[in-house]
Enquirer: 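My questions will all concern the structure given below.
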Amino acid sequence: IYNFNILLKGLCKNREFHKAISLVREMRRNGPLPDAVSYNTIISGFCKEKELEKALELMYEMEANHSLPGLVTWGILIDAFCRAGNMEEAMALYEDMKCKGIEADVVVYTVLIRGFCDRGEVVKGKALLDEMLQRSISPNAITYNTLIRGLCKIGQLKGASEMFKIMMERGVRPNVYTYTALVDGLCSVDKTKEALQILNLMIEKDEEPTVVTYNIILNKLCKDGLVGDAFKVIELMKKRDSRPD
RNA sequence: GUUCGACCUCCA
């Protein structure tokens with residue numbers, strides 16, 4: 001079954017969904033029987049191609065056959081609707097999921113939070129964070145990163161740095177994405193000096209900036225005509241591991 | 001042990 005699931009994934013990557021579906025039917029006949037992973041793999045493939053209706057259809061097929069949609073299945077679909085900006089449908093799926101007795105986990109919550117944040121509805125994202133905490137589901141770095149990014153995007157840098165503090169207070173270690181989100185937020189409101197401080201902070205904390213982090217700063221410096229400073233940053237990159245790309 | 005879901009910039 002692992003082998004077949006790997007094949008299914010390959011077919012999906014090549015967008016050969018018809019072959020993937022045929023293979024599943026063939027598996028139903030001759031075994032090994034497709035399992036939840038088989039279905040989830042194809043559903044995820046459809047979602048990546050934005051074929052949400054096909055994805056839903058396959059979930060119903062899954063339901064009608066042997067494997068009930070599980071937490072991962074719901075997560076894939078909820079994520080897809082969030083990415084499409086359709087939070088109404090995403091929340092409707094979330095409710096359906098709960099009706100079926102499946103409890104959201106940190107991934108599902110984070111996906112929903114991201115959906116709201118991408119629409120600028122950070123308040124709703126924060127409400128979900130509170131809901132998680134009430135239910136003793138621990139938010140992880142990705143959850144906080146998502147909210148920090150959302151706050152930055154609506155220009156609430158103070159909110160973002162508060163969230164950053166809260167995250168650390170709760171024992172969640174900021175990662176490169178966290179710092180990079182802050183650097184991006186600070187640059188976008190012209191606080192380049194503070195962004196550079198964050199850059200230094202992350203180096204202190206042993207979270208090596210990536211080429212993306214440097215790009216954000218370089219982009220900002222160049223936009224402001226500070227090309228000389230940009231070259232200094234390039235020097236810093238070379239001094240550390242990073243190869244400018 | 002090996003297969004499915006969530007996080008960063010620009011460009012295309």
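Since this is a predicted model, take the numbers as computed values, not measurements. Lettering follows sequence order; numbering is per chain, from 1.
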Enquirer: Mind jotting down which residue pairs meet the ring pair (Phe, Tyr, Trp, His ring centres under 6.0 Å) criterion with at least one end in residues 221-245 of chain A? Sequence neighbours excluded, please.
Expert: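 Residue pairs with at least one partner in residues 221-245 of chain A: there are none.
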Enquirer: Among B:A6, B:G5, B:C8, which nucleotide sits nearest the side chain of A:I216?
Expert: B:C8
Enquirer: Whole Å only: how far is the CG atom of A:D118 from the C1' atom of B:C7?
Expert: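 Rounded to the whole Å, the gap is 10 Å.
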Enquirer: Could you state the atom-to-atom distance from OH of A:Y39 to C1' of B:C4 in whole Å?
Expert: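 Atom OH in A:Y39 sits about 14 Å away from atom C1' in B:C4.
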Enquirer: Mind checking ring pair (Phe, Tyr, Trp, His ring centres under 6.0 Å) for A:Y179 and listing every partner two or more places apart, or none if nothing turns up?
Expert: A:F164
Enquirer: With heavy atoms under 4.0 Å as the rule, sort A:V107 into base, sugar-phosphate or nothing.
Expert: base
Enquirer: Can you measure A:M202 atom CE to B:U9 atom C1' for me and round it to whole angstrom units?
Expert: 12 Å
Enquirer: Give a yes/no on whether any side-chain N or O of A:R114 is located under 4.0 angstrom from OP1 or OP2 of B:C7.
Expert: yes
Enquirer: Using the side chain to side chain contact (heavy atoms under 4.5 Å, CB included) criterion, which residues pair with A:D190? Sequence neighbours excluded.
Expert: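 Counting only residues at least two positions away or on another chain, A:D190 forms a side chain to side chain contact (heavy atoms under 4.5 Å, CB included) with A:K220.
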Enquirer: With A:L68, which residues qualify under side chain to side chain contact (heavy atoms under 4.5 Å, CB included), at least two apart?
Expert: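 For A:L68, the residues satisfying side chain to side chain contact (heavy atoms under 4.5 Å, CB included) (neighbours in sequence not counted) are A:E63.
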Enquirer: Kindly write out the residues that satisfy side chain to side chain contact (heavy atoms under 4.5 Å, CB included) with A:L11, not counting sequence neighbours, or none if the list is empty.
Expert: A:E16, A:K19, A:A20, A:L23
Enquirer: Could you tell me the separation between the CD1 atom of A:I113 and the P atom of B:A6, rounded to a whole number of Å?
Expert: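 Those two atoms, CD1 and P, are 16 Å apart.
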Enquirer: Look up atom CD1 in A:I166 and atom CG in A:L147, then write down how far apart they are to the nearest 0.5 Å.
Expert: 9.5 Å
Enquirer: Under 3.5 Å, which donor-acceptor pairs link side chains of residues 152-160 of chain A to any protein atom two or more places apart or in another chain?
Expert:
unit_1 : atom_1 : unit_2 : atom_2 : d
A:K158 : NZ     : A:G155 : O      : 3.4

Enquirer: Can a side chain N or O of A:R83 be found less than 4.0 Å away from OP1 or OP2 on B:G5?
Expert: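 No, because none of the side-chain N or O atoms of A:R83 sits under 4.0 Å from OP1 or OP2 of B:G5.
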Enquirer: Tell me what A:D245 touches on the nucleic acid: a base, only sugar-phosphate, or nothing, going by heavy atoms under 4.0 Å.
Expert: nothing
Enquirer: Which listed nucleotide (B:G5, B:A6, B:C7) is nearest to the side chain of A:T110?
Expert: B:A6
Enquirer: Compile the donor-acceptor pairs under 3.5 Å between side chains in residues 121-132 of chain A and protein atoms, sequence neighbours left out, one pair per line.
Expert:
unit_1 : atom_1 : unit_2 : atom_2 : d
A:E121 : OE1    : A:K124 : NZ     : 2.9
A:E121 : OE2    : A:R119 : NH1    : 3.0
A:E131 : OE2    : A:Y94  : OH     : 2.7
A:E131 : OE2    : A:Y109 : OH     : 2.8

Enquirer: Rounded to whole Å, how long is the line connecting atom CZ of A:F46 with atom P of B:C4?
Expert: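 Taking atom P of B:C4 as the reference, CZ of A:F46 is at 18 Å.
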Enquirer: Closer than 3.5 angstrom, by distance alone: can the side chain of A:N175 be matched with the main-chain N or O of A:Y177 as a donor-acceptor pair?
Expert: yes
Enquirer: CD1 of A:I1 versus C1' of B:C4: gap in Å, rounded?
Expert: 12 Å
Enquirer: Taking CZ in A:R243 as the centre, count heavy atoms belonging to other residues, nucleotides or ligands within less than 6.0 Å. Is the count above 12?
Expert: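 No, CZ of A:R243 has 12 or fewer neighbouring heavy atoms, counting only those of other groups under 6.0 Å.
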Enquirer: Near RNA chain B, under 4.0 Å by heavy atom, which residues of residues 2-10 of chain A?
Expert: A:Y2, A:N5, A:I6, A:K9
Enquirer: Pick out the pairs of N or O atoms, protein on one side and nucleotides 10-12 of chain B on the other, that lie under 3.5 Å.
Expert:
none

Enquirer: Can you measure A:R173 atom CZ to B:C7 atom P for me and round it to whole angstrom units?
Expert: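 Spelled out: CZ on A:R173 to P on B:C7 is 21 Å.
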Enquirer: I need the residues from residues 128-135 of chain A with at least one non-hydrogen atom less than 4.0 Å from RNA chain B; give them sorted by number, or say none.
Expert: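 Result for residues 128-135 of chain A: none.
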Enquirer: Name the closest nucleotide to the A:Y177 side chain, picking from B:G5, B:U9, B:C7.
Expert: B:C7
Enquirer: Starting at atom NZ of A:K48, determine the distance to atom C1' of B:G5, rounded to an integer number of angstrom.
Expert: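 Checked: the NZ to C1' distance equals 9 Å.
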Enquirer: Side chains of residues 43-55 of chain A: which donor-acceptor pairs under 3.5 Å do they make with residues two or more places apart or in other chains?
Expert:
unit_1 : atom_1 : unit_2 : atom_2 : d
A:S44  : OG     : A:K48  : NZ     : 3.4
A:E49  : OE1    : A:R15  : NE     : 3.4
A:E49  : OE2    : A:R15  : NE     : 3.2

Enquirer: Look at all strands and tell whether A:V176 reaches a base, only sugar-phosphate, or nothing, counting heavy atoms closer than 4.0 Å.
Expert: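 No contact at all - A:V176 keeps every heavy atom at 4.0 Å or more from the nucleic acid.
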Enquirer: With A:R240, which residues qualify under side chain to side chain donor-acceptor pair (under 3.5 Å), at least two apart?
Expert: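 By the side chain to side chain donor-acceptor pair (under 3.5 Å) rule, A:R240 matches A:E208.
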